[in-house]
Amino acid sequence: MSELNHETLGPSDPDDEAALDAWLAQAGLDPVPDDGFSAALMQSLPDPGRYRRRSKAPLWGAGLGGGLLVWQLAGTGLLPQALAGGAAGLLTPALGVVLACVLGLSAGVSGWVWAEREG
Amino acid sequence: MAEPLDPEDRLDRLLVRRVLDTGEAQAFEQLLRRHQGLVRAQLRRLLHGDAAQADELAQEVFLRLWRKLDQYRGEARFATWLFRLAYTVFLESRRKSQLPLEEDADLEGAAGADLGPSPALRLDLQQALERLPRPERQALMHCAELGLSHEEAAQVMGLPLGTLKSHVQRGKQRLRSWLQDWKETTP
C-alpha cells in the first residue's frame with residue numbers, strides 16, 4: 001500500500017470523513033506470499049500425532065490410575081468397608097479415605113492432561 | 001457468540017475440528033496456508049516492515065497455534081482469534097527485547113501528543129499512518145488494513161470496545177489534521 005499517496009484521497013479534502021475512510025479502506029494489507037514458509041513450518045512441527053494421542057490421554061490416565069488405586073486399596077480392606085459405608089449412606093472413615101484417593105487421582109490426571117494441553 | 005458464519009470462517013472451523021478430532025496434519029497445513037499471508041503482513045506492519053523478525057514471530061505464532069488449537073472455543077471468527085494470538089506474540093517479543101525508551105514512549109505515552117506533520121508524510125499517507133501514536137496506529141491498522149470490525153479489533157488488541165473506538169477516532173482526527181496542514185502548505 002505504499003503506493004497510496006495523497007493523490008488517492010481525492011480532491012484534497014481532508015475534512016471529508018468519507019474520503020479518509022475511503023483511503024483507509026484502500027490501505028488493506030496485501031497477504032505476504034508463502035514462498036516456502038508453510039512447508040518449512042510443517043517440517044518443524046514438534047509432534048504431528050499430538051492431537052490424536054492427546055484425545056486418548058484422559059482415558060489411559062483414568063484407566064491406569066483407577067487400576068493402581070484398586071490394587072493399592074484391595075489389600076487394605078478399605079474398599080469393602082468404604083462400599084459398605086456408601087451402601088449404608090454413611091460417611092465412614094474408610095469411605096472418606098477412598099473418596100480422598102479418588103479426588104487426588106482426579107486432580108493428578110487433570111493436571112497431567114492440562115500440562116499436555118499447554119505443551 | 002459470533003454472527004452467522006461466513007463461508008471462510010465455516011471452512012476454518014471445519015479444519016480446526018479435523019485437526020482436533022483426527023490429528024490430521026494436512027488440515028493444519030491448510031489452516032496455515034490460508035492464514036500465513038495476512039498474519040505475516042500484520043506482524044510486518046507491527047514491526048515497521050522488518051520482514052525477518054516478522055517471519056520469526058509468525059513461525060512462533062503458528063507453532064503456538066499448533067500447541068493451543070484446542071483452546072479455540074469458536075466464540076470469535078477463527079481469523080480474529082489468530083490475529084489476537086499474533087498480537088500477543090508480538091507484545092511478548094517487545095517485552096522480551098526491552099526496546100529503547102523512545103519506543104516505549106511511543107507505545108504508551110504519545111496518545112495525547114500532537115506530533116504534527118513531517119515532510120515525509122506530505123509525500124506519503126502511509127507514512128502518516130506510521131507516525132501516529134502506537135495505540136492509534138495499531139487500532140487503525142487492525143480496523144482499516146486488516147478489515148476487522150471494531151469489536152474484532154478490540155478482541156485482537158485486548159482492549160475495551162470504547163477504548164478501541166477512541167483510538168480509531170483520535171487517529172482519524174490526527175490524520176485529518178495533518179492532511180489539512182498539508183493542504184494549506186501545498187501550493
Side-chain angles (χ1 to χ4, degrees), chain A residues 1-61 110 112-119, chain B residues 19-26 28-30 32-45 49 51 54-55 58-59 62-64 66-71 121-129 140-141 143-147 168 171-173 175-183 186:
Chain A
M1 305 299 109
S2 56
E3 315 80 59
L4 282 173
N5 58 32
H6 203 84
E7 301 304 318
T8 58
L9 194 61
S12 294
D13 188 3
D15 288 328
D16 185 346
E17 174 97 21
L20 182 60
D21 284 342
W23 178 81
L24 286 170
Q26 289 179 63
L29 286 176
D30 286 329
V32 175
D34 192 294
D35 289 337
F37 176 86
S38 298
L41 192 123
M42 288 306 293
Q43 295 293 321
S44 63
L45 283 186
D47 180 3
R50 157 185 180 76
Y51 284 105
R52 200 178 338 224
R53 281 206 300 278
R54 182 194 296 168
S55 63
K56 294 179 181 167
L59 289 177
W60 281 109
S110 300
W112 179 50
V113 172
W114 182 258
E116 277 283 300
R117 180 171 294 184
E118 289 300 294
Chain B
V19 175
L20 295 179
D21 287 349
T22 68
E24 197 180 321
Q26 289 90 339
F28 183 81
E29 186 170 2
Q30 281 188 62
L32 168 62
R33 290 188 184 280
R34 285 166 58 76
H35 293 283
Q36 62 81 27
L38 274 179
V39 167
R40 289 164 75 199
Q42 174 199 20
L43 290 167
R44 285 185 188 192
R45 182 55 52 85
D55 281 2
Q59 191 172 25
F62 285 103
L63 288 174
R64 203 176 289 192
W66 173 248
R67 291 200 302 270
K68 295 178 181 287
L69 191 60
D70 51 355
Q71 293 181 14
L121 75 84
R122 293 173 188 166
L123 299 175
D124 191 333
L125 261 179
Q126 192 61 53
Q127 292 184 39
L129 264 180
L140 276 173
M141 184 200 91
C143 289
E145 297 184 293
L146 285 174
V168 168
K172 283 184 176 179
Q173 280 169 4
L175 282 177
R176 273 199 298 276
S177 151
W178 291 350
L179 294 168
Q180 181 65 49
D181 289 347
W182 176 88
K183 184 183 173 190
T186 303

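The structure presented is a predicted model; accordingly, all values stated were derived computationally and were not measured. These values consider heavy atoms only, across backbone and side chains, with no hydrogens, waters or symmetry-generated copies. Below, read A as the first sequence line, B as the second, and so on, with proteins coming before strands; counting in each chain starts at 1.
Closest non-hydrogen pair, A/S38 versus B/Q36, comes out as OG-CG, 3.7 Å. Between B/Q59 and A/F37, the shortest heavy-atom contact is N-CZ, 3.8 Å.
Contact of B/A58 with chain A is made through backbone and side chain together, with heavy-atom distances under 4.5 Å. Neither the backbone nor the side chain of A/A40 comes within less than 4.5 Å of any heavy atom of chain B.
B/F62 is not listed as a side-chain neighbour of A/L45, based on a closest heavy-atom distance of 4.5 Å or more.
Every salt bridge (charged side-chain N to carboxylate O under 4.0 Å, His left out) that B/R44 has, sequence neighbours left out, goes to B/D55. Partners of B/V168 according to the side chain to side chain contact (heavy atoms under 4.5 Å, CB included) rule, which considers only residues two or more places apart in sequence or in another chain, are B/A139, B/L140, B/C143, B/H150, B/L164, B/K172.
Distance check, rounded to the nearest 0.5 Å: CD of B/E145 to CG of A/L29 gives 4.5 Å. We find the CZ-CG distance between B/R40 and A/D30 to be 13.5 Å, quoted to the nearest 0.5 Å.
Counting heavy-atom pairs under 4.5 Å between each of A/D34, A/L41, A/D35 and chain B puts A/D34 at the top.
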